[in-house]
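Written below as structure tokens is the structure these notes are about.
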Amino acid sequence: MEIAQEEVDKFAFNTLHKGLATFEAQVAETKGKYCVGDTITLDDLVLIPQLLRAYGMKVPMEEFPNIQAIESSLKDHPAFVDSHPKNYV
């Protein structure tokens with residue numbers, strides 16, 4: 001059975017959007033400067049790759065203000081700057 005690429009893309013978009021919506025609700029209760037308070041945790045490390053995918057899929061990120069605030073804090077951290085994929089292209 002062959003699945004059309006359009007269906008695969010729709011599934012991926014919907015799954016990512018739902019995951020971000022769930023995460024947005026969770027970090028509303030735990031965030032400080034980062035996902036859990038003011039210390040970088042594993043949550044922050046795995047968030048950035050998901051955001052890169054979300055931007056690539058044109059997920060409307062304005063729906064996720066908590067995630068955007070966390071991303072804003074992370075994007076200036078030296079470890080995240082140094083490890084950004086654009087530095088490896």
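Just so it is clear, the values below take in all heavy atoms, side chains as well, and ignore hydrogens, waters and symmetry mates.
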| request: Could you walk me through whether Met57 and His17 pass the side-chain contact (heavy atoms from CB on, under 4.5 Å) test, one step at a time? | output: CA-CA 10 Å; Met57 297 183 77; His17 187 273; over 6 Å; no
| said: Working note: Asp44 + Val36, criterion side-chain contact (heavy atoms from CB on, under 4.5 Å); need CA distance, chi angles, decisive distance, verdict. | reply: CA-CA 8 Å; Asp44 301 294; Val36 182; over 6 Å; no
| message | Under the criterion side-chain contact (heavy atoms from CB on, under 4.5 Å), I'd like the reasoning laid out for Thr39 against Tyr34: C-alpha separation, chi angles, the key distance, then a yes or no. | response | CA-CA 6 Å; Thr39 302; Tyr34 305 116; 5.6 Å; no
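The closest side-chain donor-acceptor pair between Tyr55 and Gln50, if any, does not fall under 3.5 angstrom.
If you chain together hydrophobic residues whose side chains sit under 4.5 Å apart, Leu45 and Leu47 fall into the same group. Under the 4.5 Å side-chain heavy-atom criterion for grouping Ile, Leu, Val, Met, Phe, Trp and Tyr, Val59 is connected to Val46 within one hydrophobic cluster. Hydrophobic clustering of Ile, Leu, Val, Met, Phe, Trp and Tyr side chains at less than 4.5 Å, counting indirect connections, unites Ile48 with Leu42.
Of the inter-residue distances, the one linking Ser72 atom OG with Ile67 atom CD1 reads 13.5 Å to the nearest 0.5 angstrom. Atom CD of Glu2 and atom CD of Glu7 lie 12.5 Å apart (nearest 0.5 Å). Separation of atoms CD (Gln5) and NZ (Lys10) is listed at 14.0 Å; rounding is to 0.5 Å. Atoms NZ and CD, from Lys31 and Gln26 in turn, are 14.5 Å apart once rounded to the nearest 0.5 Å.
Panel note: side chain Glu24, backbone Asn66; a donor-acceptor pair is recorded below 3.5 Å.
Counting only heavy atoms from C-beta outward, the side chains of Leu51 and Met61 approach each other to under 4.5 Å.
Exactly one of Leu20, Ile70, Val27 qualifies for a side-chain contact (heavy atoms from CB on, under 4.5 Å) with Phe64. That residue is Leu20.
The aromatic rings of Phe80 and His77 sit perpendicular to each other, their planes meeting at more than 60°, with 30° as the lower class boundary.
When every heavy atom of Arg53 is checked against every heavy atom of Ala12, the shortest pair comes out as NH2-CB, 3.9 Å. Residues Thr30 and Cys35 share a closest heavy-atom pair of OG1-O, 2.7 Å.
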